[in-house]
Every structure is written in structure tokens, then in C-alpha cells.
Amino acid sequence: MSILVTGGAGFIGSNFVLDWLAQGDEPVITLDKLTYAGNIANLASLQTHPGHIFVHGDIGDSALVASLLTRHQPRAILNFAAESHVDRSIYGPGAFIQTNIVGTFNLLEAVREYWNPQPEPARRHFRFLHVSTDEVYGSLDATAPAFTESSRYEPNSPYSASKAASDHLVRAYHHTYGLPVLTTNCSNNYGPYHFPEKLIPLVIHNALAGKPLPIYGDGQQIRDWLYVKDHCSAIRRVLADGKPGATYNVGGNSEKTNLDVVHALCELLDELRPRRDGQSYRTQISFVKDRPGHDRRYAIDASRLARELGWRPAETFETGLRKTVIWYLQNPAWVSNIVSGTYRDWVQTHYQV
Ligand code: NAD
Ligand code: DAU
């Protein structure tokens, strides 16, 4: 038995692969294109792990995916691979259409060909788990109830529209072909290996580098935050016991304005790595031009996952954020290799890909 993880060199995927192999011995095949967001150094500790195989490739490469499926015969595929940054989708949506929509379609086709002739009970027990986002539901007013699994899809950015399209394809492959799919829609993650273009790692990096901490617009936009390892535990629960064809919202029950998040980060840094001049990192906060089409509020109702599968997050925002800041303080080389670009050399020096 094995599982195939796509996008396993990215932020959430690498946390998932590391946690999976730390908790059991079922092998993992990681397929990752190593875009700018893929960092194989995240998986450095698995370089000699007998239960891990890394494959450099594209989910949209049907021939490659078909050969991997035939060779390794995985019992499940977990699709983390995506273009994931909203700002990049605004300035260059093409890659988002290509990977998130066309790539997911090609992946589904390769999986369907592999799965369809499988003998029972393997066919029945097979799972395709698609990792998606709360952004597909659009934006909420301040007092509106949180998104449930039956909230309408109203994506507002090229990123969320491309994720919504991929969710629809996954749903259609269940409805039309019977493929045993599961979809998770999660809120904002944070934690180790978070690429420093996203709010939390960017603020930690800029604070320590003495740079401005950019806050888009008025900073009153609200996100629900979940520690990445809790997202990974939710995915493991859904993979184990989720109902084929069902979707599950995943969230931290932790709504914060962006300004609150940045203030919390400044306080932690003031405590753990005070500035030499004795001033607070808050003095580096800088309000900048807003993101076009910026969604005002996301909130997730994850009660289905709690009720049906017994999942709850282990971390609060406070405990998770502290762990995150400590991780970044203890791993300065991880960020500086990204900022300098040397993380790209890992591919050549550490793997035959
Ligand atoms: P990420 O950008 O950090 O990682 C994406 C990974 O996918 C990278 O390793 C990249 O190299 C790889 N990849 C991109 N295109 C590929 C392709 N065509 N073929 C193979 N690999 C490819 O993203 P993330 O934050 O880890 O997000 C993972 C998934 O979770 C995404 O689907 C995202 O939409 C979803 N999600 C993210 C969050 C969040 O807060 N980060 C929240 C909810 C859902
Ligand atoms: O909600 C889940 C989504 O969360 C995922 O699907 C996406 O893949 C992930 O990137 C994330 O999207 P966001 O746009 O919410 O994340 P980001 O870190 O880019 O921004 C978080 C909020 O902070 C958002 O309201 C924009 C704001 N922001 C962001 C940056 C990078 C700033 O104010 N300043 C910044 O410099």
C-alpha cells in the first residue's frame, strides 16, 4: 500500500508528507513540479527514508502520472498541487488556469483510467482527495454566518475561480464516473515552511530584516487561521473515514483581522527577539495600496468534520502562532535560501530529478 501526494514540496504538502511518515510506515510517492513555491529542502530529512520517493513532474503530464500509478499502485491520491498565491493570480492568471484547472483535469483523467479497471475491493476502497480552499465561497459581510459545505460558490479572484473550477471537476468525476473523491475546503494555514510571500511569514521576515510590514488597505479584512499541522490531521481523518463524494470544511474557529494578526506577530517578536533600539516591531507597520477585489471576510463552519469524523484542531491561534514564530527564529537559513534564490540549487545538488 502507498499514497501519491502531489504538490508535496510546497507548504502544506511538505508538512503533510513529513507528518505522515513520522506517524506510520505507509510509503509516499511525492510528485511536484518544483515551481518557485516548491522547495525540496522542505523534504530534506526524507532524503534517505526508505518509504519516500520524490518525482519531479507536472500533474498535467498524463503519461508521467499514468506510469507512476501503474508502477506504484497507490491506494489513494492527495492533490495539493496548485498555484496558490492570490496576488500572483491577479498579475498573471495563466499559470493558475493551467495547473489548477487543466492540470487537475489531466490528473483526474489519468486517475480514472487507473482506477476504473481495478478489481474489488481495491476499486471501492480507492480515494482521490482534493485539497481546496474556503476562498471558493467568496466574501462574507461582517455579520453573515460562516461558510458551510452548502454555501454557494462565488469565487472572486482568478485563484479562487480556478480552485472552484477544479472542485467542480472533482465533483463531476464522482457524480458521472463514480470515482471515490473527497474534497476539503480549508481556511488560511500558517506554520513551518510557509513561503515568505504570504502574510505571516512575510511579516516575520520583514520585521527581522528591519523592513516595512505592508498592510493592504485598512487591514480590517478578516481571515480564519488554522495551524498547518491541524490541517494535515484533518486531511488524514477525511482520507480515513470521509464519505466518498462528500466535501468537508476545515477551519480553526479563529477569525482575526489582518491588523490583529500583524500586531500579534509584533508582540511575539518583541518578546522573543526584541529590537536593539527597544522599540516595538509595530513601528514598522506600513499601510499600502489594497489588493484589487480584496475579499473582506472568510469564516468557516467546520462542524460537519467535528460531528461526523470527530476532528478538532489541537492548536489555538495563540499557541500555533507562537510555535510558528519560534520555528522561523530557529530556521533563518530556510528563509534566507528562499530570499537569495539558492533553495533552487537543492534540486541539482541533492536529488537526481
Ligand atoms: P504552495 O504554493 O506552497 O505549494 C504548491 C506546491 O505545488 C508547490 O510545491 C509547487 O511546486 C507544486 N506545484 C505547482 N504546480 C504544480 C504542477 N502543475 N504539478 C505538480 N506540482 C505543482 O501551496 P500550499 O499553500 O501548500 O497549498 C497547497 C494546496 O492547499 C493548494 O491546493 C491550495 O489551494 C490549498 N490551500 C492552501 C491554503 C493556505 O492557506 N496555504 C488554505 C486552503 C487550501
Ligand atoms: O483562505 C485560504 C487561502 O489563504 C488559500 O487558499 C491561499 O492559497 C492562501 O494563499 C491564503 O490566501 P490569502 O490571500 O488569504 O493569503 P495571504 O497570506 O496572501 O493574505 C492574507 C491576508 O493578508 C489577505 O487579506 C491579504 C493580506 N495581506 C497579504 C500580504 C501578502 C496584507 O495585508 N499584506 C501582505 O503583504
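All ligand and atom numbering here is 1-based and tracks the order in the structure.
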Have a look at [options] and point out the one with the heavy atom closest to [atom].
| atom | options | value |
| --- | --- | --- |
| atom 20 (O) of ligand 2 | Arg291, His194, His85, Arg223 | Arg291 |
| atom 18 (N) of ligand 1 | Val65, Asp58, Asn39 | Asp58 |
| atom 33 (C) of ligand 1 | Phe80, Tyr193, Tyr159 | Tyr159 |
| atom 5 (C) of ligand 1 | Cys186, Ala82, Ser166 | Ala82 |

**Request:** Select one of side chain, backbone, both or neither to describe which atoms of Leu34 lie under 4.0 Å from any atom of ligand 1, heavy atoms only.
**Result:** backbone
**Prompt:** Counting only heavy atoms, which portion of Ser132 has something under 4.0 Å from ligand 1: side chain, backbone, both, or neither?
**Reply:** backbone
**Request:** Return yes or no for this condition: an N or O of Val86 is under 3.5 Å from an N or O of ligand 2.
**Result:** no
**Message:** Checking the N or O distance criterion of under 3.5 Å, is ligand 2 in contact with Thr133?
**Reply:** yes
Please report which non-hydrogen protein atom sits nearest to [atom], along with the residue it belongs to and the distance in Å to one decimal place.
| atom | result |
| --- | --- |
| atom 24 (C) of ligand 2 | His294 NE2, 3.4 Å |
| atom 3 (C) of ligand 2 | Glu135 OE2, 3.0 Å |
| atom 5 (C) of ligand 2 | Tyr159 OH, 3.6 Å |

Quick one: does ligand 2 sit under 4.0 Å from the side chain of [X], the backbone, both or neither, non-hydrogen atoms only?
| X | answer |
| --- | --- |
| Leu199 | both |
| Leu202 | side chain |
| Asn188 | both |
| Lys198 | both |

**Item:** Heavy-atom gap Ala9 to ligand 1 smaller than 4.0 Å
**Value:** yes
**Message:** Under a 4.0 angstrom heavy-atom cut-off, which atoms of ligand 2 come close to Asp134?
**Reply:** 1 (O), 2 (C)
For ligand 1, find out whether one of its N or O atoms is nearer than 3.5 Å to an N or O atom of [X].
| X | result |
| --- | --- |
| Thr35 | yes |
| Lys33 | yes |
| Ala81 | no |

**Message:** Any non-hydrogen side-chain atom of Arg75 less than 4.5 Å from a side-chain atom of Leu239?
**Reply:** yes
**Asked** Does ligand 2 have any atom that is closer than 4.0 Å to a heavy atom of Lys163?
**Response** no
